[in-house]
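Worksheet for the structure shown next.
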Amino acid sequence: MENRVIDYLRVNKIEGFFISKPQNVRYVSKYTSDDAYLFITEKENYFLTDPRYTEQAEYECPDYKIINWRANGRSVAESIKLIVESMNIKSFCFEGDFVNYNTYEELKGIDADAIAVTGVIEEFRSVKTSDEIQNLRVACQIADRAFEKIIRDIKVGITEKELASRLSHYMVMEGSDTKPYGNILISGKRTSLLHGIPSGKSIEYGDFVLMDYGCAYKGYLSDMTRTIVVGKATPDQKKVYSLEMKMLEDSKKAMKPGARAADVYEASVQAIKDTEYFKYHYSSIGHGIGRFVHEIPFMGPKSNEVLAENNVVTIEPGIYIPDWGGIRIEDQMLITGDGNECLTHAERELLEL
């Protein structure tokens, strides 16, 4: 991946690239722990960390010059300054959407042009390699297996928090990395909250239970959503669920290389456009996923992005009715040469538990 960064520097006539966003650091260097920064040049690659991680960095990143940025009380930016001065660098870029104000002020004080850029590494990351696709595929398989376990636990009286804890446990036991990211598991009327936090609420008969969750495998993430009913679904619950399924199916039919993200959105709303439910949908219906849960391309009516082969994206149209509940079904999709492949296979039909 360093070669792609160097190619970018050559094309743009920049001498160095300071990378600080953790997902981008790991993407470029393959480092797997914390407190890590990169400074990439055509002649030398530098890896900056503190004494807790220097041994691990030396093992995982043998092609980098490892620097303890805490030496002599220096900050990361002060260490970058020493590199710039030692190499007589006249210009370098940094991730403008991630660097904090204090670091920015320090970078500006370096006697070289400090150029803010956004989305450079993210653009590289949007098209996945075969190894990345395999890791994403395994992460989805882990989430599928965890779904089969958690639905056995969903019953009247158990709390959202307990179910969420069990779901995370099942994913780790099925092979995910041991740092699961935040999962959504909510029930009843609370399912209208697009990103509700699991609470102490107990599951009640007739509740929707919405599970939006995923795990990491070798740093690559899965993301899927399933909504089930505890007990027997009402006619209204069945009706809205049927519309949601149609939204999902219509979205998938539009997903292929060259498809505009905005057109996928338009396909997703055809089933509800002339119904009372249109006002209850959320227009952001998907996103790229890889080392970070929300990556480019983003799917929505105002998106200018176009799907490409080997993008991995989620598709998650939903209907959210305040004081009633919400339904979301989300799958993770690989864009193939002639269409798409769904990587998540947990049951999508309405389950009545």
Side-chain angles (χ1 to χ4, degrees), residues 1-34 36-49 57-67 76 79-80 83-84 87 89-99 107 112-137 139 216-221 257-258 261 287-298 303-313 334-337:
M1 300 304 176
E2 295 91 344
N3 290 338
R4 298 186 72 181
V5 177
I6 291 170
D7 287 343
Y8 173 83
L9 295 175
R10 287 173 178 164
V11 169
N12 291 277
K13 299 181 179 179
I14 302 172
E15 296 177 67
F17 200 143
F18 172 44
I19 301 172
S20 55
K21 193 176 293 187
Q23 296 84 6
N24 291 344
V25 169
R26 183 165 184 178
Y27 176 78
V28 174
S29 70
K30 303 300 185 289
Y31 176 71
T32 62
S33 195
D34 300 318
Y37 310 86
L38 307 179
F39 194 82
I40 306 295
T41 75
E42 190 169 348
K43 295 180 180 179
E44 185 82 74
N45 295 328
Y46 295 88
F47 186 104
L48 292 79
T49 188
E58 288 169 355
Y59 175 75
E60 293 186 346
C61 306
D63 297 328
Y64 285 77
K65 184 173 182 179
I66 310 300
I67 293 179
V76 173
S79 294
I80 296 297
I83 295 171
V84 168
M87 298 187 70
I89 286 174
K90 302 302 181 186
S91 64
F92 67 94
C93 57
F94 64 92
E95 295 172 305
D97 59 338
F98 189 77
V99 166
L107 294 177
D113 291 332
I115 304 163
V117 299
T118 301
V120 174
I121 309 300
E122 287 81 354
E123 188 68 34
F124 299 157
R125 286 166 49 195
S126 68
V127 176
K128 270 53 177 183
T129 66
S130 58
D131 285 345
E132 290 179 299
I133 290 169
Q134 178 58 21
N135 289 336
L136 290 163
R137 190 185 301 278
Y217 178 75
K218 296 184 178 179
Y220 287 87
L221 305 178
H287 51 83
I289 185 167
R291 288 195 176 278
F292 189 61
V293 70
H294 297 123
E295 301 185 348
I296 57 174
F298 291 97
S303 174
N304 294 318
E305 292 166 315
V306 175
L307 296 180
E309 184 176 0
N310 291 337
N311 283 158
V312 176
V313 296
L334 168 65
I335 305 302
T336 62

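We count residues from 1, following the sequence as given. These numbers come from the heavy atoms of this one structure, side chains and all, not from hydrogens, waters or symmetry mates.
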| side-chain contact (heavy atoms from CB on, under 4.5 Å) involving T41 - partner list, sequence neighbours excluded | F39, K43, E44, M87, I89
| task | Under the side-chain hydrogen bond (donor to acceptor under 3.5 Å, both in side chains) rule, collect the residues that match up with N24, sequence neighbours excluded. | result | E95, E122, R125
| query | Taking the side chain as C-beta and beyond, is there a heavy-atom pair between Y64 and I40 under 4.5 Å? | reply | yes
| task | Taking the side chain as every heavy atom from C-beta outward, state whether P297 and L307 have any pair of such atoms under 4.5 Å apart. | result | yes
| message | Holding to side-chain hydrogen bond (donor to acceptor under 3.5 Å, both in side chains), I want the full list of residues that pass it with K90, two or more places apart in sequence or in another chain. | response | N88
| Residue pair F94, I80: steps toward the side chain to side chain contact (heavy atoms under 4.5 Å, CB included) verdict | CA-CA 11 Å; F94 64 92; I80 296 297; over 6 Å; no
| said: For K30, I'd like to know if atom NZ has over 12 heavy atoms of other residues, nucleotides or ligands within 6.0 Å. | reply: yes
| query | Stepwise, does the side chain to side chain contact (heavy atoms under 4.5 Å, CB included) test hold for C93 with L9? | reply | CA-CA 9 Å; C93 57; L9 295 175; 4.1 Å; yes
| message | Just to verify, what does S303 make a side-chain contact (heavy atoms from CB on, under 4.5 Å) with, not counting sequence neighbours? | response | A261, E305
| said: Does any part of the side chain of P22, heavy atoms only, come nearer than 4.5 Å to the side chain of D34, both counted from C-beta? | reply: no
| remark: Hits for side-chain hydrogen bond (donor to acceptor under 3.5 Å, both in side chains) against R137, two or more places apart or cross-chain, chain-then-number order -> E341
| task | Assign the ring pair H287 / F298 to parallel, tilted or perpendicular, where the plane angle (0 to 90°) is split at 30° and 60°. | result | tilted
| remark: salt bridge (Lys or Arg N to Asp or Glu O under 4.0 Å) filter on D97, not counting sequence neighbours, yields K21
| said: With rounding to the nearest 0.5 angstrom, report the CD to OG1 distance, E123 to T118. | reply: 12.5 Å
| message | I need the minimum non-hydrogen distance between V84 and A112, along with the two atoms involved. | response | CG1-CB, 3.9 Å
| task | Applying side-chain contact (heavy atoms from CB on, under 4.5 Å), name anything that partners K218, two or more places apart in sequence or on another chain. | result | N135
| note | T32 meets the side-chain contact (heavy atoms from CB on, under 4.5 Å) criterion, sequence neighbours left out, with R26, Q56, E60
| Among all residues two or more places apart in sequence or in another chain, which pass the side-chain hydrogen bond (donor to acceptor under 3.5 Å, both in side chains) test with Y27? | none
| query | Looking only at heavy atoms, which two atoms of F292 and H294 are closest? And how far apart? | reply | CD2-O, 3.0 Å
| message | If you apply the rule side chain to side chain contact (heavy atoms under 4.5 Å, CB included), what do you find for L38 with L48, and how did you get there? | response | CA-CA 6 Å; L38 307 179; L48 292 79; over 6 Å; no
| query | For the residue pair T49 and A57, what are the closest heavy atoms and their distance? | reply | CG2-CB, 4.4 Å
| Side-chain contact, heavy-atom cut-off 4.5 Å: I335 with V312? | no
| request: Could you walk me through whether V127 and N311 pass side chain to side chain contact (heavy atoms under 4.5 Å, CB included), step by step? | output: CA-CA 5 Å; V127 176; N311 283 158; 3.8 Å; yes
| Donor-acceptor pair, K128 side chain versus Q134 backbone, under 3.5 Å? | no
| request: Output all residues satisfying ring-ring contact (aromatic ring centres under 6.0 Å, His included) with F47, sequence neighbours left out; order by chain, then residue number. | output: Y31
| message | Are N45 and V5 packed together at the side-chain level, in the sense that at least one heavy-atom pair is separated by less than 4.5 angstrom? | response | no
| Under a 4.5 Å cut-off applied to non-hydrogen side-chain atoms, are F18 and V76 in contact? | yes
| request: Would you mind listing every side-chain hydrogen bond (donor to acceptor under 3.5 Å, both in side chains) that reaches into residues 3-19, with sequence neighbours excluded? | output: R10-E42
